[in-house]
Amino acid sequence: MSDAATRHKEFVAPLRAAMYDFEEKSVRAALEKLLAPDALTRFAFPLEDNKGAPEFYDNVYAPLFTAVPDLERRDTIVIAGETPQGADW
């Protein structure tokens, strides 16, 4: 059995893999598996708050992908752990 940080990294690994060459269909599918339908993501202006994976993709990634059509993600460092207060990130 692995520790919590390793499990958390494994949980987001499919999204990170989908974003490697950033194809809309695979990123949307990974987000759907990762976020609950009522999950609220909060960003600064102009991204603001988004509820669920479809709204998150449409308001955050779609404009970015339109602006940068060869968008891709390359991870150099992936970290996870516990805060001094005992919360996971």
Side-chain angles (χ1 to χ4, degrees):
M1 182 157 178
S2 61
D3 62 37
T6 300
R7 289 191 310 274
H8 295 157
K9 287 188 237 178
E10 290 170 353
F11 185 68
V12 297
L15 177 61
R16 292 181 21 247
M19 295 175 74
Y20 188 84
D21 289 323
F22 211 96
E23 294 179 6
E24 179 181 351
K25 185 177 178 180
S26 59
V27 173
R28 280 186 182 273
L31 281 171
E32 289 284 341
K33 289 181 181 177
L34 188 64
L35 296 176
D38 61 346
L40 182 63
T41 55
R42 295 180 181 249
F43 293 91
F45 178 84
L47 304 175
E48 303 300 337
D49 296 349
N50 300 279
K51 187 175 179 183
E55 189 172 306
F56 176 83
Y57 185 91
D58 292 342
N59 294 334
V60 177
Y61 286 131
L64 182 61
F65 190 47
T66 299
V68 186
D70 59 344
L71 185 64
E72 58 187 37
R73 177 182 175 138
R74 299 294 185 265
D75 293 327
T76 303
I77 300 172
V78 177
I79 58 173
E82 186 175 313
T83 67
Q85 296 80 18
D88 292 319
W89 57 273

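Here the structure is a predicted model, which is why all the values come from computation and not from measurement.
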Surrounding [atom1] of [X] (heavy atoms of other residues, nucleotides or ligands, distance under 6.0 Å), is the total greater than 12?
{"X": "K9", "atom1": "NZ", "result": "yes"}
{"X": "R74", "atom1": "CZ", "result": "yes"}
{"X": "E48", "atom1": "CD", "result": "yes"}

Could you grab the distance from atom [atom1] of [X] to atom [atom2] of [Y], nearest 0.5 Å is fine?
{"X": "L64", "Y": "N59", "atom1": "CG", "atom2": "CG", "result": "12.5 Å"}
{"X": "L15", "Y": "L34", "atom1": "CG", "atom2": "CG", "result": "6.0 Å"}
{"X": "N50", "Y": "Y61", "atom1": "CG", "atom2": "OH", "result": "11.0 Å"}
{"X": "D88", "Y": "T83", "atom1": "CG", "atom2": "OG1", "result": "7.5 Å"}

(message) Count I, L, V, M, F, W, Y as connected when their side-chain heavy atoms are under 4.5 Å apart, and connections chain through other members. Are V27 and L47 then in the same cluster?
(response) yes
(request) Give a yes or no on whether L31 and Y20 share a hydrophobic cluster (residues Ile, Leu, Val, Met, Phe, Trp, Tyr; joining criterion: side-chain heavy atoms under 4.5 Å apart). (result)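 In one cluster: no.
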(message) Is the shortest side-chain heavy-atom distance between S26 and M19 below 4.5 Å?
(response) no
(message) I want to check something: taking the side chain as every heavy atom from C-beta on, are V68 and D70 in contact at a cut-off of under 4.5 Å?
(response) yes
(request) Anything under 30° is parallel, anything over 60° is perpendicular, the rest tilted; go ahead and classify F22 against F65. (result) tilted
(request) Could you pull out the closest heavy-atom pair between E72 and D21, with the gap in Å? (result) CB-CA, 4.4 Å
(request) Return the minimal non-hydrogen interatomic distance between E82 and G86, and the atom names on each side. (result) OE2-CA, 3.5 Å
(message) I'd like to know if R28 pairs up with D58 as an ion pair, taking the criterion as any Lys NZ or Arg NE/NH1/NH2 lying under 4.0 Å from an Asp or Glu carboxylate oxygen.
(response) yes
(message) Does this structure show an ion pair linking D49 with K51, if we count only N-O contacts that are shorter than 4.0 Å?
(response) no
